[in-house]
Number of protein chains: 2
Amino acid sequence: MQLSKTSQYAIRILAYMADKKDSQLINAAELAETLYIPYKFLTKIMTELVKVDLVTSIRGREGGYKLKKEISDIMINDILDLFNDSIKDEQCVLGIGFCNGLCKCALHDQWMKPKFLLQKMFRESSLEDIAGRGCKK
Amino acid sequence: MQLSKTSQYAIRILAYMADKKDSQLINAAELAETLYIPYKFLTKIMTELVKVDLVTSIRGREGGYKLKKEISDIMINDILDLFNDSIKDEQCVLGIGFCNGLCKCALHDQWMKPKFLLQKMFRESSLEDIAGRGCKK
DNA sequence: TTATAATTCTACCTGTAAGTAGTATTTGGA
DNA sequence: TCCAAATACTACTTACAGGTAGAATTATAA
Ligand code: SF4
Ligand code: SF4
């Protein structure tokens, strides 16, 4: 009942970058050290974030990364989607599937509300919302 | 953002057993076929359920399993706990940890409510509550 | 021009959840 | 008694997320 490490790392990375001034480049070593994420794993994630155009990379000496979009335009849910970690409407709390209407267990209706809240939280929270709160570690 | 297969299977197994008459023995083959759970994996789970006294097993020919407790006394959360799958109070949605009070991100407060609802759902739903709803597959 | 610091690529290793195989043990019925 | 049907035990295999290694590429500063 948790997000994947990859998603967690990606959110923390992007939230940290959102804290920085727009034009400032941040390199992989700084991110890895500050956020306690294994360097090699982090670079793998960064490359992915570059590929989907969330982040711009500058290669070579004095290079680094910076966010490509406005921080108010990057939603947590977008990040989760990258790693297939967002909550789908039809997702069953028991992982069984879509027991539509006629056949539903007692958990079904109870699951609706927390599911909705989680979806809402992920969809409506942008990097702007979670930046600047000092929760880095 | 899902329960482990093992937890899911355990819940389905116990919910199915809860549907049956008290005294009726159910064997592993029936459970595996009915619930579409790999036989060998199922027996492994059953042995675990026997060890923690949720289920009684009768070995030998004409043997099988039956629930050991009243179905109103077995909470979903008890099952999740067996496989370390229940939601802890301090569990962070980002898997970071307990950024207590002073240092909290914007997700923190939003996570509180769905977390609480999930915990409540798991803690207050018994097998009795989810039995007899015909959601077997 | 060259050394260096950075990202990127390809490939591999590791740990854990999920699943499988085979054998031992137990027990009732023919 | 002996076979068959059931659970229990031990050990292995598979799949995948998480993590690592090293070389290739890129670009700047000196
Ligand atoms: S009825 Fe229960 S098992 Fe079926 S999809 Fe809904 S929550 Fe899952
Ligand atoms: S403040 Fe944010 S990162 Fe820290 S424990 Fe709460 S939800 Fe997790």
Side-chain angles (χ1 to χ4, degrees), chain A residues 1-13 17 24-68 79-80 82-86 94-96, chain B residues 1-14 17 23-68 79-80 82-86 94-96:
Chain A
M1 212 58 185
Q2 258 197 233
L3 299 175
S4 67
K5 284 277 186 194
T6 308
S7 292
Q8 294 176 8
Y9 289 162
I11 294 173
R12 282 162 60 189
I13 291 165
M17 295 179 73
Q24 200 170 342
L25 282 183
I26 309 171
N27 67 38
E30 175 184 349
L31 289 170
E33 282 162 27
T34 312
L35 304 173
Y36 303 93
I37 300 172
Y39 175 81
K40 282 292 197 178
F41 195 32
L42 178 133
T43 59
K44 193 190 274 185
I45 295 173
M46 293 314 291
T47 304
E48 192 63 24
L49 295 178
V50 169
K51 277 188 182 144
V52 298
D53 268 348
L54 281 179
V55 166
T56 304
S57 69
I58 310 288
R59 298 179 64 165
R61 187 164 174 167
E62 306 288 296
Y65 303 97
K66 67 181 176 192
L67 293 177
K68 194 162 184 178
I79 306 169
L80 297 184
L82 296 181
F83 307 105
N84 255 311
D85 230 349
S86 66
L94 296 184
I96 293 171
Chain B
M1 211 63 186
Q2 258 198 233
L3 299 175
S4 67
K5 285 276 185 195
T6 309
S7 293
Q8 294 175 8
Y9 289 161
I11 293 173
R12 282 160 60 189
I13 291 164
L14 293 169
M17 294 178 74
S23 53
Q24 200 169 343
L25 280 183
I26 310 171
N27 66 39
E30 175 184 347
L31 289 170
E33 281 162 27
T34 313
L35 304 174
Y36 303 94
I37 299 172
Y39 175 82
K40 281 291 196 178
F41 195 30
L42 179 132
T43 59
K44 192 191 279 186
I45 295 172
M46 293 313 291
T47 303
E48 191 63 24
L49 295 178
V50 169
K51 277 189 182 145
V52 297
D53 268 346
L54 282 178
V55 166
T56 304
S57 69
I58 311 287
R59 297 178 66 165
R61 186 165 175 164
E62 306 289 297
Y65 302 98
K66 69 180 175 193
L67 293 178
K68 194 161 184 178
I79 306 169
L80 297 185
L82 296 180
F83 307 106
N84 254 311
D85 230 349
S86 66
L94 297 184
I96 293 173

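Naming convention: chains lettered A, B, ... in sequence-line order (proteins, then strands); numbering from 1 in each chain.
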Remember a base hit wins even if backbone is also touched, and classify [X] as base, sugar-phosphate or nothing at under 4.0 Å, heavy atoms.
X	result
Ser4(B)	sugar-phosphate
Ala29(A)	nothing
Tyr9(A)	sugar-phosphate
Lys5(A)	sugar-phosphate

Under 4.0 Å from OP1 or OP2 of dA17(D): is there any side-chain N or O of Thr6(A) that close?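 Checking Thr6(A) against dA17(D): no side-chain N or O falls below 4.0 Å of OP1 or OP2.
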So, does Thr43(A) get its side chain near the phosphate of dT8(C), meaning an N or O under 4.0 Å from OP1 or OP2? no
Nearest whole angstrom, please: distance from the [atom2] of [N] to the [atom1] of [X].
X	N	atom1	atom2	value
Arg61(A)	dA6(C)	CZ	C1'	10 Å
Ile45(B)	dA17(C)	CD1	P	13 Å
Lys51(A)	dT10(C)	NZ	P	8 Å
Glu48(B)	dT10(D)	CD	C1'	15 Å
Leu3(B)	dA18(C)	CG	P	11 Å
Leu25(B)	dA6(D)	CG	C1'	11 Å
Gln2(A)	dT16(C)	CD	P	15 Å
Phe83(B)	dA18(C)	CZ	C1'	13 Å

Set out, in order, the CA-CA distance, both residues' side-chain angles and the distance that settles side chain to side chain contact (heavy atoms under 4.5 Å, CB included) for Leu82(B) and Leu54(B), then state yes or no. CA-CA 11 Å; Leu82(B) 296 180; Leu54(B) 282 178; 3.8 Å; yes
What about Arg59(B): does its side chain form a donor-acceptor pair under 3.5 Å with the base of dT27(C)? no
Does the base of dG22(D) carry an N or O that pairs as donor and acceptor with the side chain of Lys40(A) under 3.5 Å? yes
Return the nearest nucleotide to the side chain of [X]; candidates are [options].
X	options	value
Ser57(A)	dC3(D), dG18(D), dT7(C)	dT7(C)
Tyr39(B)	dT7(D), dT27(C), dG18(D)	dT7(D)
Val50(A)	dT28(D), dT20(D), dT8(C)	dT8(C)
Asn27(B)	dA6(D), dT25(D), dT25(C)	dA6(D)

Are Val50(B) and Thr56(B) close enough, and set up right, to give a side chain to side chain contact (heavy atoms under 4.5 Å, CB included), and what steps lead you there? CA-CA 6 Å; Val50(B) 169; Thr56(B) 304; over 6 Å; no
May I ask you to test the Leu31(A)-Met17(A) pair for a side-chain heavy-atom distance under 4.5 Å?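 Yes - at least one pair of side-chain heavy atoms lies under 4.5 Å apart.
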Locate the shortest heavy-atom distance separating Ala29(B) from Tyr39(B); write the atom from each residue and the value.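 Result for this residue pair: N-CE1, 3.8 Å.
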Can you see which heavy atom on Ala10(B) is nearest to which on Ile45(B), and at what distance? CB-CG2, 4.3 Å
Does Lys44(A) or Tyr65(A) map to a spot on DNA chain C nearer the 5' end, using the closest nucleotide for each?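 Of the two residues, Tyr65(A) wins.
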Just to verify, what does Ser4(B) make a side-chain hydrogen bond (donor to acceptor under 3.5 Å, both in side chains) with, not counting sequence neighbours? Ser7(B), Asp85(B)
